[in-house]
Amino acid sequence: MTTARAAVYVYGIVPADVEPESNAVGVGDPPGKVGVVRHGEIAALISTLESDRPLGTPDDLTAHAELLDGSAAVAPVLPLRFGAVMTDAEAVENELLEANENEFRSALEQLEGRAQFVIRGRYVENTILRELLDENARAAQLRDEIRDKPEDATRNARIALGELINQAIEAKRAEDTRRVVSEIEQFEPLVNQRDPSHEEEAVHIAVLVELARQKELEETLRRLGEEWDGRVELNFLGPMAAYDFVTKRAPEE
């Protein structure tokens, strides 16, 4: 009979005075109780798990993100990549915290009072197609050529129309992303433009801003959403940990 060896899962780095909520839980089945390993002015949020337990279930990913995002709403946090496992608490202190003490402390100071938000928008298909056809005479001509005709007989025209639409949406996406960034410049954000995950995506950016200005940011985007009503479905997510800006790796076991 063998006993599974315990390991330590590390979520992120926080100031040393952070205390996890008494009901905070992390990855694992059953979920691990969240604790803290401290070194000087910094600390790591951790929980224990069996070292031979495979990670990567949807529940694990959710637990990792929820703990970090909940922490980011009240304190600066440097998120570690999902799956950061170390041998024990001593290794966390010596190999992670002590070895990177100055870097982590400096990064936490820069994040003080700030958190990441994600702004994402998707075009309303019928609206954006009408807009593109109204603006592009060649696209409108191709649309008329293929209307009510067999696909085989209009294959080349359909391909050409598809290429024109894709190019036009790329241009619209760049223009509308610039518009969003311009609207939020007043909040002095750090901005990371993400690659589109859908062909009809209008904007997808992560921003790092002051938590104290969250309501102002929401109001700015609400007004823009009203202006774009029926054209772009705009979504605002956060606060969350600064994944796009400072995500770190833990040392290998």
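Keep in mind the model is a prediction, meaning the values are calculated, not measured. For this chain, numbers begin at 1 and follow the sequence in order.
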Non-hydrogen atoms of [X] and [Y] that approach each other most closely:
| X | Y | value |
| --- | --- | --- |
| G40 | A16 | O-CB, 3.4 Å |
| A115 | P239 | CB-CB, 3.8 Å |
| A241 | V77 | CB-CG1, 4.0 Å |
| P15 | P76 | CD-O, 3.3 Å |
| V34 | G26 | CG2-N, 3.8 Å |
| L67 | A24 | CD1-CB, 4.4 Å |

So, do [X] and [Y] sit near enough that their side-chain heavy atoms are less than 4.5 Å apart?
| X | Y | value |
| --- | --- | --- |
| L221 | L217 | yes |
| V10 | V85 | no |
| F187 | T220 | yes |
| E145 | L142 | yes |
| L224 | R179 | yes |
| V203 | V181 | no |
| V8 | I46 | yes |
| F117 | Q214 | yes |

Are side-chain N/O atoms of E163 and Q167 paired as donor and acceptor at under 3.5 Å?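 The answer is no; no qualifying pair exists.
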Ignoring hydrogens and angles, state whether a donor on the side chain of H39 or E93 is under 3.5 Å from an acceptor on the partner side chain.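 A donor-acceptor contact under 3.5 Å links the two side chains.
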Can you name the residues that form a side-chain hydrogen bond (donor to acceptor under 3.5 Å, both in side chains) with [X], not counting sequence neighbours?
| X | value |
| --- | --- |
| R155 | none |
| R222 | E219, E226 |
| E210 | none |

Show me the pairs that pass salt bridge (Lys or Arg N to Asp or Glu O under 4.0 Å) and involve [range], at least two apart or across chains.
| range | answer |
| --- | --- |
| residues 58-80 | R53-D60 |
| residues 17-36 | E19-R38 |
| residues 192-202 | R120-E201, R194-D244 |

Please enumerate all residues that pass side chain to side chain contact (heavy atoms under 4.5 Å, CB included) together with [X], with sequence neighbours excluded.
| X | answer |
| --- | --- |
| A63 | V27 |
| Q193 | T177, I205 |
| V25 | P31 |
| L132 | I128, I165, A168, I169, K172 |

In this structure, would [X] and [Y] fall into the same cluster of hydrophobic residues linked by side-chain contacts under 4.5 Å?
| X | Y | answer |
| --- | --- | --- |
| L108 | L80 | yes |
| V232 | I184 | yes |
| L129 | Y123 | yes |
| L211 | V207 | yes |
| L237 | L68 | yes |

Could you grab the distance from atom [atom1] of [X] to atom [atom2] of [Y], nearest 0.5 Å is fine?
| X | Y | atom1 | atom2 | result |
| --- | --- | --- | --- | --- |
| I159 | I146 | CD1 | CD1 | 11.0 Å |
| E188 | R213 | CD | CZ | 7.0 Å |
| R143 | N136 | CZ | CG | 11.0 Å |
| E218 | E216 | CD | CD | 10.5 Å |

List in chain and number order the residues that pass salt bridge (charged side-chain N to carboxylate O under 4.0 Å, His left out) with D144, two or more places apart in sequence or in another chain; answer none if no residue qualifies.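 For D144 the salt bridge (charged side-chain N to carboxylate O under 4.0 Å, His left out) partners, ignoring immediate neighbours, are R147.
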With a 6.0 Å cut-off (strictly less than), is the heavy-atom count around CD of E41, excluding the residue itself, greater than 12?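 No, because the 6.0 Å sphere around CD of E41 holds 12 heavy atoms or fewer from other groups.
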Would you say E90 has more than 12 foreign heavy atoms packed within less than 6.0 Å of its CD?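 Count not over threshold, so no.
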V246 and L208: side-chain contact (heavy atoms from CB on, under 4.5 Å), yes or no, with the steps? CA-CA 11 Å; V246 294; L208 191 70; over 6 Å; no
Quick one: list whatever passes ring pair (Phe, Tyr, Trp, His ring centres under 6.0 Å) with F82, sequence neighbours left out.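 In terms of ring pair (Phe, Tyr, Trp, His ring centres under 6.0 Å), with neighbours along the sequence ignored, F82 is linked to H64.
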Apply side-chain contact (heavy atoms from CB on, under 4.5 Å) to the pair V36 and L45, showing each step before the final yes or no. CA-CA 5 Å; V36 178; L45 294 172; 4.1 Å; yes
Short side-chain to backbone donor-acceptor contact, [X] and [Y], under 3.5 Å:
| X | Y | answer |
| --- | --- | --- |
| S182 | R178 | no |
| Q116 | A206 | no |
| Y9 | G83 | yes |
| Y11 | S47 | no |

Which is it for R231 and D176 under the side-chain contact (heavy atoms from CB on, under 4.5 Å) test, yes or no, and what are the steps along the way? CA-CA 11 Å; R231 178 179 182 268; D176 291 332; 3.1 Å; yes
Checking S71 against V18 for the side-chain contact (heavy atoms from CB on, under 4.5 Å) test, could you report, in this order, the C-alpha distance in whole Å, the side-chain angles of both residues, the deciding distance, and whether it holds? CA-CA 9 Å; S71 301; V18 167; 5.8 Å; no
Let me know which of L96, V92, D88 forms a side-chain contact (heavy atoms from CB on, under 4.5 Å) with V37.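 The passing option is V92.
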